[in-house]
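Single-structure report; data block below.
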Protein chains: 2
Amino acid sequence: MKNGPRQRATIIDVAERAGVSKSTVARVLAGSASISDEARDRVLKAVAATGYERNHLAVGMRSGRSGMLGLVIPDITNPFWAEVARGAQDRAAKDDISLLVFSSDWDAGTEATHLRALRRARVDGAIINPVADNFDDLDRFGLPFVFIGSSAERFPDTLSVGSDIAQAVRLGMDILVERGHPAPALMLGPRSRLARARFLRAVHEHCIARDIDPDILLVEESDYTVEGGRKAMGRLLAGPWRGSRAVFVANDLMALGAMIAVREAGLRCPEDISILGFDGIPAGAFSWPGLTTIEKPGRQIGIRAVECLLDQIAGRPEHGRIFLPCRLVERGSLADVSASVAVRTAAGR
Amino acid sequence: MKNGPRQRATIIDVAERAGVSKSTVARVLAGSASISDEARDRVLKAVAATGYERNHLAVGMRSGRSGMLGLVIPDITNPFWAEVARGAQDRAAKDDISLLVFSSDWDAGTEATHLRALRRARVDGAIINPVADNFDDLDRFGLPFVFIGSSAERFPDTLSVGSDIAQAVRLGMDILVERGHPAPALMLGPRSRLARARFLRAVHEHCIARDIDPDILLVEESDYTVEGGRKAMGRLLAGPWRGSRAVFVANDLMALGAMIAVREAGLRCPEDISILGFDGIPAGAFSWPGLTTIEKPGRQIGIRAVECLLDQIAGRPEHGRIFLPCRLVERGSLADVSASVAVRTAAGR
DNA sequence: ATGAAAGCGCTAACAA
DNA sequence: TTGTTAGCGCTTTCAT
C-alpha cells in the first residue's frame, strides 16, 4: 500500500538541465518556430530526462484556458445520457480536452450547484441539458455553452444539439402505416414535458398529411417509467380500442412496461398488440420480443455538442440549433397486418 | 445566440469594494476565525455585489490541491460502470470535488493517455479500473490512487475497492442448491480474465464444502457478450447434460444471450432451463422472464472508492483492499425443482 | 534566437 | 485583527 505522489518537474528544472531559459523551454513546448535546432534538441532531451509534464493549472491560469469542458446531464446512469457522455468524451479527448461530468437528477437546484462548480473550475465551456424552466442564470452564467436534449427546446435562441423528433415521429408513423397500423394508439409522457408537445405535434402533422383525423387516435398518458408504461397499457387494454392494435410509445422504458402489461393480460406481442418504442435503449434488445424502436443518436449528440462548443469558444461561426436524425431499429415488436387489417379490425374487441 | 463569457471578479475587486486587503478577503473565504465581524460583513457584501467566485485554478496552483479527482473506467456506457461513476460523482460532490471521467475501452494505450491527462490536469488523485497487465507506471504514476473492479486483483499490494466475488458465488450456489440445482452448469468468461479464476475458485470451494465433486460441473466458456452467451448456450444445449437443467452464468449479458438461445431452441426459461446471472444490469429486469441475478454494488463501489482516495490524500489511515458484498435479485429465471429434482433428472435428455 | 521580467488569482508566511 | 509580500508554474511582451 505505497501508492503516493512525488515531486514533479517544472519548466525550471527542464530549463536548468537544458542550460537554457524558461522562455526557451516554453517556446519549444508551444512549438514556436524561432528556435535553434540545437536548443530544441536539448530541451526535448531534458523533458524526457526529467519526465516533465506541463501543469495545466498553471497554463490555464496564465492563458485563461483550462483545457476542460463541463457536461451536465440528468443522470449518467441513464443509458441515453451515458451514450451522450461517451460521445462527448471521445470527441473532447481528440483535442486533448478533459470533461467534468455531473448528474443533475432533473433537479434545478442540483443543476445550479453543478454549474457553479464548473465556473469555479474555470472550464472553457459547458454542455448542458437544462432542467431549470427559466434558465435566468443564462446570461449570468458567464461561460460559453451549448444545450443538448429535448428540454433545450425551451430556449430557441440558444445554441443546441438534439435529436430530430419530428423526423423520428414521421419515421415511426410511416413504418406503422406500412405495417397496416394507420391509426395507432399513442402513449405519451407527462403533460409538463416539452418533448410531449413536440411529439404530438409531429403526429398531427403526419395525420393531416395523410388525411387522417388526428382525434381518432387513442391517447394515453404516463410518466416515462416502466411501471408507468405497464399501468398505462393496462388502461388502454381495458378501454375501447379503435383501429388496429398498435401503440406508438414515446419512450422505450414505457414501451417495455407496456409489453409486460400485454403479457399480463394474456395477450401476445406482436400477434395481438404491436408496440413501437422511442429512444433506443440497450434493454430493448433483450426483451421478448425485441423492441422495435426509434433510436436517438446519443453518441452523435455528444460529439456534435463538443464540436459546436469548441467552435463557439474559438469564435468560429456558430451553428444555431442542430437536430440530428433518428434511426429505426427493427426488432420483433411490430406485426405486419397490412394484408389483413380489415379482418383484424372486425375481429377486434 | 448570444451565450458568451464575461469578465469575472477577482479577490482584488472584492477587497477594493470592501475596503480591506486581499488577505482579509481570503481569510473570510476560508472561514478563518481571526476576523472582525465588521470586516467579514463587508467582505460578504462585496462578494455578493461583485458576484465573485473563487478561481479554482488559482487556488489549486497555490495550494497544490486542484479539487478534482480522476475516474478511469472501461466504458461509461456500460451500466455497471455508469453506476460506479454515479456513486463516485455523488460522493465527490458532497466534498465539493469535481470528477474528470474517462473511458479506457479496456485498452492499455488509451488508459495511459488518460492517466497522463489526469496528471497534467493536476487532479488530487485517481480512481482506476486498471487494464494494463503490468501497471509498471504504477510507481511512476505520481498520484494517489485507488483501484476498482475485479482487475484490481492483479495488484494485491494496492488500495482497492471491489465486489466480493467469493461471497457472490456462495450466494448464487446456495440459492441454486435451495432450488434443487446442486450441480449447475457454469458459463464463464475468457480464460485471460482474472475474474474467471476467482469465480471458479469460489465455486470449487463451495463444492468441496458441500461434498460435491467440482469436476462433474459442465463448464462452457464465452466472452461476456450477449452474442457470446447465446452461442455458448447453444453449445451447452447441444451437448450432454448432467444433473438439473440450470446454468450459473458469470455475467448478465451472457445470461441474457443464453435466455435467447433457450427460446431459439424451442425451450422455456425457467421451466426447461434455469438461468442465474451475475452483475445486476438494468436490462435484466426487462427480459422475459426477468433475470434472477447477483447484483454487484456498483454505486457503493464508487462511493467507497472516493472515500478511500480522499482518506489517502489526507494521509488518514489507509484501508487496504475492500470487498463489498453482492446481493441476490430474484426475478423469474430460476425454477424451483427442489421437490421434483429426481423426476426431472430422469426425464432430462 | 534567446533571456529577463512581469503577472495570471490566489494563499501563506511574516510583520505590524 | 489586519496588511504586506513572496511566490505557485507558466506565457508573453520587451529587450538584447
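Keep in mind that what you see is a predicted model, and the values were worked out from it rather than measured. Atom set for the values below is all heavy atoms of this structure, side chains included, hydrogens, waters and symmetry mates excluded. Residue numbering restarts at 1 for every chain, and letters A, B, ... go by the order of the sequence lines.
- Ion pairing of A:D41 with A:K45 is present here, as a side-chain N (NZ or NE/NH1/NH2) and a carboxylate O approach within less than 4.0 Å.
- Using a 4.0 Å cut-off between a side-chain N of Lys or Arg and a carboxylate O of Asp or Glu, A:R120 and B:D96 qualify as a salt bridge.
- No side-chain N or O of B:T110 forms a donor-acceptor pair with one of B:T113 less than 3.5 Å apart.
- With no hydrogens or angles considered, no side-chain donor-acceptor pair links B:N55 and B:T10 at under 3.5 Å.
- Whole-Å rounding puts the A:L57 CG to D:dG7 C1' distance at 16 Å.
- The CZ-C1' distance, from B:R122 to C:dG9, rounds to 18 Å in whole Å.
- Computed from coordinates, the B:E16 CD to C:dG9 P distance equals 12 Å when rounded to whole Å.
- In terms of polar N and O atoms assigned as donor or acceptor, the side chain of B:R62 comes within less than 3.5 Å of the base of D:dG7 in a complementary pairing.
- The aromatic rings of B:F145 and B:F141 sit perpendicular to each other, their planes meeting at more than 60°, with 30° as the lower class boundary.
- In this entry the distance linking NE2 of A:H56 with C1' of D:dC10 reads 11 Å, nearest Å.
- Regarding contacts with the backbone of D:dG9, every side-chain N or O of A:T10 stays at 4.0 angstrom or more from both OP1 and OP2.
- Among the candidates A:Q312, A:R316, A:H319, A:R91, the single residue satisfying the side chain to side chain donor-acceptor pair (under 3.5 Å) test with A:E307 is A:R91.
- At whole-Å resolution of the value, CD1 in A:I12 and P in D:dT11 are 12 Å apart.
- Spacing between atom CZ of B:R120 and atom P of D:dG9 amounts to 18 Å, rounded to whole angstrom units.
- The OH atom of A:Y52 sits 7 Å away from the C1' atom of D:dC10 (whole-angstrom rounding).
- Ranking D:dG9, C:dT11, D:dT1 by closeness to the B:S36 side chain, first place goes to D:dT1.
- Map B:S63 and B:V20 each onto its nearest nucleotide of DNA chain D; the residue landing nearer the 5' end is B:V20.
- Residue A:A39 is in sugar-phosphate contact alone, with no base atom involved, counting any heavy-atom pair closer than 4.0 Å across all strands shown.
- A heavy atom closer than 4.0 Å to some atom of DNA chain D occurs in B:S21, B:K22, B:S23, B:T24, B:R27, these being the qualifying members of residues 21-29 of chain B.
- Looking at B:R86 and B:D90, a side-chain N of the basic residue comes within less than 4.0 Å of a carboxylate O on the acidic one, giving a salt bridge.
- If you measure from atom CE of A:M61 to atom C1' of C:dA6, you get 13 Å, rounded to the nearest angstrom.
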